[in-house]
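Below is one structure, written out as structure tokens; the observations come after it.
Excluded from the calculations below are hydrogen atoms, water molecules and symmetry mates; all remaining heavy atoms, backbone and side chain alike, are included. Reminder, nothing fancy here: chain letters follow the sequence lines and each chain counts from 1.
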Amino acid sequence: MPELPEVECLRRSLARIVGRRVVRAELFRLDVTSWIGDANDGAAWTGLPPGNEIFALHRRGKQLAIETRGGGVLVIHLGMSGQTLLDSTRVERTHTHACWTLDDGSTLSFRDPRRFGGLWAGRDIQAVENVLWKGLGADALNVTATMIQSVTRASKRAIKSILLDQRVVAGIGNIYADEALFDAGIRPTSRRTLSDTLANRLAASIRSTLNAAITRGGSTLRDYVDASGSAGSAQHLHRVYGRGGECCVSCGGVLRQISFLQRTTVFCPRCQPA
DNA sequence: CTGGATGCCTGGGAGC
DNA sequence: TGCTCCCAGGCATCCA
């Protein structure tokens, strides 16, 4: 569920760890951890090597990278239910898979009940970009009409399938795909090549939908909270997601909910013509 | 090249 | 109240 806006809000809420030195790394579940490329030098997996100073927070699509000075980058993917918490006051220790203590006494922890997410350790940010993020498309905040239009021209894939493909554009999941397509007036199942007008409209819809969600702190449907444990309120902006059978905010017609691409898809039959 | 089906995983909600 | 069932979906993988 955490998509680009939620991960971006998480990134921003972690700003105060920049400049902090890692004191201790504790791992409770090794099976959520991986190495990037040849990063495994035989030492134990720590994600953030103790002794290193955190100096940058990067995001690409739905993935967050915490870079330390002198090498050692931790990449976090929240999957469906992941949380990255700073100084969590909640006693909730269940499903916490890793924890790092910083030199100001604060703790950074990663929880993920469903374990669809994970942690990756890389040598440096170049390794992350060249290996882990190599296949990812442009970040969805920077999507252009051309990027989408060229794919619709080259294939007959449904537009929603294209938007969900992280290799084309990184950061869009089921919620914002439906929201952006509604905003652009395009049916999710459409397989037509997008005209210049529609491609421009869709690119603008994606950017504005994501930015609006970021402004509201992301969408919290159940699990998402930022590093301080605060929920977002962007779910109140949703116009189609989770509203199947309800009235279209634009035309008043009934929103249709279908199963498409093994996902729940909601659209307005009138505002998003086939 | 496609999409469909499946599995991973847990918590929450519905239904009985 | 408590049980079972189903569903949510990001992503990898195999299959048609």
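- Between A:Thr107 and A:Ser109, the side chains place no donor N or O within less than 3.5 Å of an acceptor N or O (distance only, hydrogens not considered).
- In DNA chain B, consecutive stretches of 3 or more Watson-Crick or G-U wobble pairs with both distances under 3.5 Å are given as paired ranges: B:2-16 with C:2-16.
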What does nucleotides 6-13 of chain B look like as a protein-contact string, B for base, S for sugar-phosphate only, - for none, at under 4.0 angstrom between heavy atoms? B-BBBSS-
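- Contacts of A:Leu78 with the nucleic acid, taken as non-hydrogen atoms under 4.0 Å apart, are absent.
- Note on A:Thr264: only backbone sugar-phosphate atoms sit closer than 4.0 angstrom, heavy atoms only; bases stay farther off.
- Residues passing the salt bridge (Lys or Arg N to Asp or Glu O under 4.0 Å) test with A:Glu26 are A:Arg24, sequence neighbours excluded.
- For A:Phe260 and B:dT2, the CZ to P distance is 13 Å, given to the nearest whole Å.
- Contact of the A:Asn142 side chain with the A:Thr144 side chain is not registered, since no non-hydrogen atoms from C-beta on lie closer than 4.5 Å.
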Cut-off 3.5 Å, no hydrogens considered: what does the side-chain donor-acceptor table look like for residues 252-268 of chain A, sequence neighbours left out?
| from | atom 1 | to | atom 2 | distance (Å) |
| --- | --- | --- | --- | --- |
| A:Arg263 | NH1 | A:Leu261 | O | 3.4 |
| A:Thr265 | OG1 | A:Lys160 | NZ | 2.8 |

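- For the atom pair SG of A:Cys9 and CZ of A:Arg59, the computed distance is 9.5 Å after rounding to the nearest 0.5 Å.
- Not counting sequence neighbours, the partners of A:Asp103 by the salt bridge (Lys or Arg N to Asp or Glu O under 4.0 Å) test are A:Arg20.
- Among residue pairs with one or both ends in residues 226-242 of chain A, those qualifying as salt bridge (Lys or Arg N to Asp or Glu O under 4.0 Å) are A:Asp183-A:Arg239; sequence neighbours excluded.
- The shortest side-chain heavy-atom distance between A:Ser81 and A:Asp112 falls under the 4.5 Å cut-off.
- As judged by a 4.0 angstrom heavy-atom cut-off over every strand, A:Tyr241 is placed among residues touching the sugar-phosphate backbone only.
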For residues 34-44 of chain A, run the donor-acceptor check on the side chains, cut-off 3.5 Å, and write out each pair with its distance to 0.1 Å, sequence neighbours left out.
| from | atom 1 | to | atom 2 | distance (Å) |
| --- | --- | --- | --- | --- |
| A:Asp38 | OD1 | A:Arg123 | NE | 3.2 |
| A:Asn40 | OD1 | A:Gly42 | N | 2.9 |
| A:Asp41 | OD1 | A:Ala43 | N | 3.0 |

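- Residue A:Arg167 is classed as having no contact, given no heavy-atom separation below 4.0 Å to the nucleic acid.
- Residues A:Ile175 and A:Glu6 are not in side-chain contact: their nearest non-hydrogen atoms beyond the backbone lie 4.5 Å or more apart.
- Remark: A:Arg201 engages no residue in a salt bridge (Lys or Arg N to Asp or Glu O under 4.0 Å) (not counting sequence neighbours).
- Under the salt bridge (Lys or Arg N to Asp or Glu O under 4.0 Å) criterion, A:Arg216 pairs with no residue, sequence neighbours left out.
- Taking a 4.0 Å limit (strictly below) on heavy-atom distances, residues 128-162 of chain A does not reach DNA chain C anywhere.
- Contacts between chain A and DNA chain C, taken as any atom within less than 4.0 angstrom of a protein heavy atom, begin and end at C:dA8 to C:dC11.
- Partners of A:Ser106 under the side chain to side chain donor-acceptor pair (under 3.5 Å) rule, at least two apart in sequence or in another chain, are A:Asp104.
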